[in-house]
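Down below is the structure, laid out as structure tokens.
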Protein chains: 2
Amino acid sequence: MDEPKPTPRTLADPSATTAAAFVTDAVDRGALVTCFGRCTVEYEGRAASELAPGDRHVMLKPDGTALVHTDEGQKPVNWQPPGCEHDARVGDDALVLESTRTSPDERLVVSVSDVALVAAFDPTDDESIELVGTEADLKRRILADPALLEPGFTPLATERDTPAGAVDIYGEDDEGRTVVVELKRRRVGPDAVGQLHRYVEALERDLHTDAELRGILVAPSVTERAKALLAEEGFEFVPLTPREE
Amino acid sequence: MDEPKPTPRTLADPSATTAAAFVTDAVDRGALVTCFGRCTVEYEGRAASELAPGDRHVMLKPDGTALVHTDEGQKPVNWQPPGCEHDARVGDDALVLESTRTSPDERLVVSVSDVALVAAFDPTDDESIELVGTEADLKRRILADPALLEPGFTPLATERDTPAGAVDIYGEDDEGRTVVVELKRRRVGPDAVGQLHRYVEALERDLHTDAELRGILVAPSVTERAKALLAEEGFEFVPLTPREE
DNA sequence: GTTTGGATATCGGGA
DNA sequence: TCCCGATGTCCAAAC
């Protein structure tokens, strides 16, 4: 036998009844279901929303995820996170797709008045993605070559805990002064300076030290406002990217 | 004539050559294209990633968005934001879907070795979504009834600009003291306290005032760590949700 | 379970 | 365009 192939099943322009039976069966089988057609969408939960009729693409995943996509944008216009229960039925001459969950109580209802296509797939995907260029990579770069931060820098700990949260890298400069390092994989704004500020303050209290700690922000670049805040707080900036140039 | 219906076209188990021609034509027409099958995915841009063969669902939108979904999770495993150019071709006996953009330079390549189904839709969707329960709703609640914050509170401005960013609500209490209000639509952690801290500091400098400003965080609830930080900084907390209970 | 902070975050508004 | 903060953020790791 050949290597197993995904087995799609599709229905074009089905009636609401036919489509509901098809989707119910597919969801029960643990298939990934897609549906395209004219529909309205209601959501009620952490927030609430309504969407007037339009052509959209609906995806129901076997893990309980529901996604409603329009022809624009990267984010679904409505969705439901993993862990929901999917249900398909006929209501008011339309195919009604409902995904619900508890804690928090949330409900997504898609009412498809004109079903253009429904399709069901049985996907198998055991592979996991390998991603590089993250903040973890930036940390590894510095730990592998601490001089990238500055000559004489010695890392003492990573993820050192403080009352304000964990410090990315904690170490010492060549004169024995304590250094708090905050890492960001991309250009930083004022929020990152606030974060560094919290850590330095917390660590100064934690260490009962009179000596002032050095705070260093490491990122590819920094906005003007963040640069001004850094200067005000007496912090430093070291330009560095997560990946070797 | 009937009201226009979405016009799907599909191909089940096509050859790579047939599928490439189909997708090229559909993309040129401005259609929304989906493809399900066994594929590998490469991404290179802000970060970089590789994904070994598995069954996935690919969506190409007419606005240049590309999404690759597995059977799990709400987020696509790989994607490309709006504004990309889609291209379909045959390479190495596979259907190759490539979405690229510049500034930043990014490239997503999906190589589908077994195409189970390709489908094309011509969606029309002029409707926009109505969402309630946002931070803007929380602001409207307080401005409509300032006593919700505290008796005697008088809002003076919203989005008041400071060197550290815009303050959500800026006002005065019943004793004439300046009040800085930061709003959050949901339970808040330490980051929100840091944000409030930045605004209060910036405004104190901006106003050249000796009097201490009051900082108030408004949210449905607050974490323990954030509560401790609030106390340390001398800030206050007012529990309030974006929607009436 | 909650909390915390990263993310190829995405998205919209404003300058 | 960049900058900035909200998001039904999502998500995983730590606790």
Side-chain angles (χ1 to χ4, degrees), chain A residues 43-49 65 67 72-82 101 103-108 129 131-139 159 161 164-168 182-192 194-195 198-199 221-227 242-243, chain B residues 43-49 65-68 72-83 101 103-108 129 131-139 159 161-162 164-168 182-192 194-195 198-199 221-227 242-243:
Chain A
Y43 156 73
E44 169 79 35
R46 287 164 291 176
S49 70
T65 302
L67 304 169
E72 288 185 339
Q74 177 172 340
K75 273 183 59 177
V77 65
N78 274 115
W79 67 91
Q80 202 67 294
R101 66 165 178 161
S103 128
D105 270 319
E106 292 201 298
R107 204 167 69 103
L108 179 72
I129 193 165
L131 183 64
V132 298
T134 64
E135 185 180 295
D137 292 314
L138 179 55
K139 187 195 292 181
E159 305 304 324
D161 207 38
V167 170
D168 283 337
E182 173 64 25
L183 307 174
K184 292 294 169 193
R185 64 170 300 281
R186 65 171 193 175
R187 183 172 174 84
V188 292
D191 54 334
Q195 209 177 338
R198 287 211 321 273
Y199 296 152
S221 62
V222 62
T223 67
E224 280 307 311
R225 189 174 276 177
K227 193 196 281 185
R243 304 156 77 189
Chain B
Y43 157 72
E44 167 80 36
R46 287 163 291 177
S49 71
T65 302
L67 304 169
V68 182
E72 290 185 337
Q74 176 171 345
K75 274 185 58 178
V77 64
N78 276 114
W79 68 89
Q80 201 67 294
R101 67 165 179 160
S103 130
D105 271 318
E106 293 201 297
R107 204 168 69 102
L108 179 73
I129 192 163
L131 184 64
V132 299
T134 65
E135 184 181 298
D137 292 313
L138 179 54
K139 186 194 292 181
E159 306 303 326
D161 208 38
T162 76
V167 170
D168 283 338
E182 173 64 25
L183 307 174
K184 293 294 170 195
R185 65 172 300 282
R186 64 171 193 174
R187 184 172 173 82
V188 292
D191 53 334
Q195 206 177 339
R198 289 210 320 273
Y199 296 154
S221 62
V222 63
T223 67
E224 281 307 310
R225 179 117 79 182
K227 192 195 281 184
R243 306 156 78 187

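Quick note on labels: first sequence line is chain A, next is B, and so on, each numbered from 1. As a basis for the values below, the full set of heavy atoms in this structure was taken, side chains included, without hydrogen atoms, waters or symmetry mates. Worth saying up front: this structure is predicted, and the values here are computed from it rather than measured.
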Answer yes or no: does a side-chain N or O of [X] lie under 4.0 Å from OP1 or OP2 of [N]?
X: B:Lys184; N: D:dA6; value: yes
X: B:Arg198; N: D:dG5; value: yes
X: B:Ser49; N: C:dT8; value: no
X: A:Arg186; N: C:dA9; value: yes
X: A:Arg187; N: C:dA7; value: no
X: B:Arg225; N: C:dT4; value: yes
X: B:Trp79; N: C:dA9; value: no
X: B:Thr134; N: D:dG8; value: no
X: B:Thr223; N: C:dT4; value: yes
X: B:Tyr199; N: D:dC4; value: no

Next on the checklist: Please give the distance between the P atoms of C:dC11 and D:dC11 as a whole number of Å.
Outcome noted: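 The same atom, P, in both gives a distance of 15 Å.
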Item to check | Same-atom distance (P) from C:dT4 to C:dT8, integer angstrom | outcome: 23 Å
Checklist entry - Mind checking whether B:Val167 and B:Glu182 have side chains closer than 4.5 Å, heavy atoms only? => result no
Checklist entry - Can you tell if the side chain of A:Pro82 reaches within under 4.5 Å of the side chain of B:Glu72, non-hydrogen atoms only? => result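 Sidechains of B:Glu72 and A:Pro82: no contact.
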Checklist entry - For B:Glu159, which contact category applies under a 4.0 Å heavy-atom criterion: base, sugar-phosphate, or nothing? => result nothing
Checklist entry - Between the base of C:dT8 and the side chain of B:Asn78, is there a donor-acceptor distance below 3.5 Å? => result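 Yes, a donor-acceptor pair under 3.5 Å.
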Item to check | Polar pair under 3.5 Å, donor/acceptor by atom type, side chain A:Gln195, base C:dG5 | outcome: no
Checklist entry - Can you give the dot-bracket line for DNA chain D, where a pair is Watson-Crick or G-U wobble with both atom distances under 3.5 Å, crossing pairs use [ ], and | marks a partner on another strand? => result |||||||.|||||||
